[in-house]
There are 4 protein chains.
Amino acid sequence: MDPQPANLRDRLHAATAQALLDAAEKAMLKYGYDKVTMQQIASETGCAPGTFYLYFKSKQDLFEAIINRHMTTLFECTRAAMDGSDNPLEKIRLGILACFRFGQENKLFFQVALTALPMRNRALRVKLLEMGHTEHAEMSRYSIEQLRKAQELGLVRKDIPAETLDEFLDVVIFSFIEQLAMVDPVPDVQEKLRVVWGLITGGIVGGA
Amino acid sequence: MDPQPANLRDRLHAATAQALLDAAEKAMLKYGYDKVTMQQIASETGCAPGTFYLYFKSKQDLFEAIINRHMTTLFECTRAAMDGSDNPLEKIRLGILACFRFGQENKLFFQVALTALPMRNRALRVKLLEMGHTEHAEMSRYSIEQLRKAQELGLVRKDIPAETLDEFLDVVIFSFIEQLAMVDPVPDVQEKLRVVWGLITGGIVGGA
Amino acid sequence: MDPQPANLRDRLHAATAQALLDAAEKAMLKYGYDKVTMQQIASETGCAPGTFYLYFKSKQDLFEAIINRHMTTLFECTRAAMDGSDNPLEKIRLGILACFRFGQENKLFFQVALTALPMRNRALRVKLLEMGHTEHAEMSRYSIEQLRKAQELGLVRKDIPAETLDEFLDVVIFSFIEQLAMVDPVPDVQEKLRVVWGLITGGIVGGA
Amino acid sequence: MDPQPANLRDRLHAATAQALLDAAEKAMLKYGYDKVTMQQIASETGCAPGTFYLYFKSKQDLFEAIINRHMTTLFECTRAAMDGSDNPLEKIRLGILACFRFGQENKLFFQVALTALPMRNRALRVKLLEMGHTEHAEMSRYSIEQLRKAQELGLVRKDIPAETLDEFLDVVIFSFIEQLAMVDPVPDVQEKLRVVWGLITGGIVGGA
DNA sequence: GATGAATGAGCGTTCATTCAT
DNA sequence: GATGAATGAACGCTCATTCAT
């Protein structure tokens, strides 16, 4: 993300912040955002409560830093995956696969995020924008663009606007990520995608 | 639910509890679960904070009673709506329509519930079970039964188990209820259902 | 001060507030404003920390209530005393005597106030005005008026403006009150006044 | 005070301490004693917070060192000024003039000192003694001696003990210094002294 | 049953001070 | 000697809950 930090001091600062973030994330996961106290986080992290305030200006700020970190990564992964094909519908499929993989690899994170944020779709978008995230909006724009192209190519139905289709995708994907995050043991992601993609493309009536 | 309360005392107790619930709900809606204090709820209700503790054992309990009441109503409405047809697929469609209507008519409730509860699908189910709700499970059972019948009649694809289809429905429906709750002004429910039902049945590829 | 409180509840509330004020004052006296903590005040008062926040909105507010109470009383006593004569110079003398008496009878209060407030004269006036006190300003106005009358009657020197004379009085009186507050055992107030009045009227050169 | 520091090391130490004191003073003046934090002082000084603890054992100690420095200077100036005449009353007048000048030239310092210390007269004396200051006591002794001489020469009234007269002077002078410190723009010191000296010598009744 | 004043544990946050480097 | 990241005790304040009336 920041490949050349200005100098040694800044690099150390950033590294410590990351370490604290890792530890805080774990603690928040254990108890949930509202329930966990700064003293608990500190004591589980093995440092003093004051220490966090050298790196994050409040409990809320600490939490947002955790969210930010993952969201940025998620959007980067997804975007990279979508570049794996030129076919717009296949781009969408690859993006979803990336999201599922990410969800599976970051189960704990989602477990917290899902309980701490008003994480329903609409609310989440608003929240992310408030937190200065533009990635999600960009992501949506790109996704809608692909859907439109797919419509032009006759790969996707044209009687529903691309924006509505995107919303539908958002909803379904997000819910399945949640499922991956909450279910233990981890299900087979490829298999899961096969089913979800089947439902997304064919609905519950039309089938293979 | 309890058509014959044991005696006058119990009947009075239940009536008062309902009145308190009405008032508390309004107050919680106004400020949100975490933000509102018991003194605020009491003062808006026009009674003393202590009074609530004669009817509910904690703030959390009070909140859950509010959720319960609506959930029960929601399940009753949905079930009643599904009886409007003998065709299993049409039963599902009518059920969804009922859910949408309910969501639209109880926007405020959902706005609170969605921010106060870990309301994602899986989490919600767990929560509802913890809270002693069996309705949702029963609902699912009934819904799965209809889906299976629809599969047998060739109305619904057979390559995906009815349980998975139900989960898919759950996810999509819940998300659209959220959308109805969060969006202002209230969208046209019939039109919304047409789109969602189109996506549910036909997916994003096959069209009408 | 408030001879007919609206009703029983308000009367009880006011009485409790006064009792808490008494206790808090004692505790603040013991440790000083900055040093004393709300828990200390509470524990010395024999109540819980939260209780104070039912009557005063912050530590600062509690402190100001203590100051206000005494300042109001002080100004009332002084004013009443000044009515004891028609001669403007004698009015001034009687006012000073009242201040001294008050200072002597409220030693503890002054000991706190003098350490907690930026109690130097100028700063004090500003502070009192910020706190919504107009009494001191009114007092000054009345005092200056008397000095002007005394000047007209040839009782007081005319080469210095009445405002400057008043400032001089303020300074000297306040310092002597401090002396009375800080010295133990309590000196003879009448004797003290005799000396101070001698200095005020005659300076260090002219004598009786 | 310490004209021959034992050795180079001590001399360096003392020099550094002075430099830190200069910087800390500026920072304290900027924010006030209670408000300013050690990190602020350090960052404005351009050194690390820890550094101060090599020279001063606490924040309080640092503050007292600042006070001490000024007090010592004040007493030296005053004493020097008093040597400007052989007439004991004129000595007093010259001393007061020196105090006023000093107050005027060190407005910022007094502004801090007056809000940070329990600066009323008595309290200040006690404080200064606690801090190891003997200068003020010496000053008083010298001042009282002059007053006594003036009494013997018939220059000053004899019905009031020299100690009481000195206290009176202290009070009046201190208050006028405060006035000089708090008022902006700086008043004419000579004119101020004329008025104060008039009041000190002649009181409010006898005049020029 | 209803009250509401009182409770007090526990919160997020600050900042003078320390000590390993 | 100088550093500054880390400390952690202590702060003012909140609010779900209780219980004497």
Side-chain angles (χ1 to χ4, degrees), chain A residues 9 12-13 16-17 20 34-43 45-63, chain B residues 9 12-13 16-17 20 34-43 45-63, chain C residues 9 12-13 16-17 20 34-43 45-63, chain D residues 9 12-13 16-17 20 34-43 45-63:
Chain A
R9 161 152 310 148
L12 271 170
H13 187 91
T16 311
L20 289 177
D34 274 336
K35 300 309 180 15
V36 86
T37 70
M38 289 305 281
Q39 347 258 352
Q40 267 179 306
I41 295 176
S43 96
T45 304
C47 73
T51 304
F52 279 94
Y53 290 86
L54 296 172
Y55 297 89
F56 309 98
K57 74 180 203 302
S58 66
K59 188 187 180 186
Q60 181 63 25
D61 187 50
L62 173 61
F63 176 64
Chain B
R9 157 158 289 143
L12 269 171
H13 187 91
T16 312
L20 289 176
D34 275 336
K35 264 33 144 335
V36 86
T37 69
M38 289 304 278
Q39 349 257 354
Q40 266 178 306
I41 295 176
S43 99
T45 304
C47 73
T51 306
F52 280 95
Y53 290 85
L54 298 170
Y55 296 88
F56 309 97
K57 74 179 205 302
S58 67
K59 188 187 180 187
Q60 182 63 25
D61 188 50
L62 172 61
F63 176 64
Chain C
R9 162 150 309 147
L12 270 169
H13 187 90
T16 312
L20 288 176
D34 274 336
K35 301 304 182 15
V36 86
T37 70
M38 290 304 282
Q39 346 259 354
Q40 266 179 307
I41 294 177
S43 96
T45 304
C47 74
T51 304
F52 279 94
Y53 291 86
L54 297 172
Y55 297 89
F56 309 98
K57 75 180 201 304
S58 66
K59 189 187 179 187
Q60 182 62 25
D61 187 50
L62 172 61
F63 176 63
Chain D
R9 157 158 288 143
L12 269 171
H13 187 91
T16 311
L20 289 176
D34 274 337
K35 262 39 141 333
V36 86
T37 68
M38 289 304 279
Q39 349 257 353
Q40 267 178 304
I41 295 177
S43 98
T45 303
C47 74
T51 305
F52 280 94
Y53 290 86
L54 298 171
Y55 296 88
F56 309 97
K57 75 179 204 300
S58 68
K59 188 187 180 187
Q60 182 62 26
D61 187 52
L62 173 61
F63 176 65

Atom-to-atom span, CD1 of D/Ile41 to C1' of F/dG4 - whole angstrom: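 These atoms are roughly 16 Å apart.
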Distance, rounded to the nearest Å, where C/Leu12 contributes CG and E/dT3 contributes C1':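 Taking atom C1' of E/dT3 as the reference, CG of C/Leu12 is at 14 Å.
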Give one of base, sugar-phosphate or nothing for [X], where a contact means two heavy atoms less than 4.0 Å apart.
{"X": "C/Arg9", "answer": "sugar-phosphate"}
{"X": "C/Phe56", "answer": "nothing"}
{"X": "B/Phe52", "answer": "nothing"}

List the atom of [X], the atom of [Y], and the distance in Å for their closest heavy-atom pair.
{"X": "B/Leu62", "Y": "B/Met38", "value": "CD2-CE, 4.2 Å"}
{"X": "B/Ala42", "Y": "B/Pro49", "value": "CB-N, 3.5 Å"}
{"X": "A/Cys47", "Y": "A/Phe52", "value": "SG-CE1, 3.7 Å"}
{"X": "A/Phe56", "Y": "A/Asp61", "value": "CA-OD2, 3.4 Å"}
{"X": "A/Lys35", "Y": "A/Gln40", "value": "O-OE1, 3.8 Å"}

Side chain to side chain, [X] and [Y], heavy atoms closer than 4.5 Å:
{"X": "C/Thr45", "Y": "C/Thr51", "value": "no"}
{"X": "C/Tyr55", "Y": "C/His13", "value": "yes"}
{"X": "A/Thr16", "Y": "A/Leu54", "value": "no"}

Nucleic acid footprint by protein, nucleotides 10-20 of chain E - heavy-atom cut-off 4.0 Å, B for base, S for sugar-phosphate alone: -SBBBBBBB--
Pairing pattern in dot-bracket form [Watson-Crick, G-U; both distances under 3.5 Å; | = partner strand] for DNA chain E: .||||||||||||||||||||
Residue closer to the 5' end of DNA chain F, A/Ala48 versus D/Tyr55 (nearest nucleotide):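 That would be D/Tyr55.
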Selected nucleotide, minimal atom distance to D/Leu54 side chain, candidates F/dA6, E/dG4, F/dA2: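 When the side chain of D/Leu54 is considered, F/dA2 is the closest of F/dA6, E/dG4, F/dA2.
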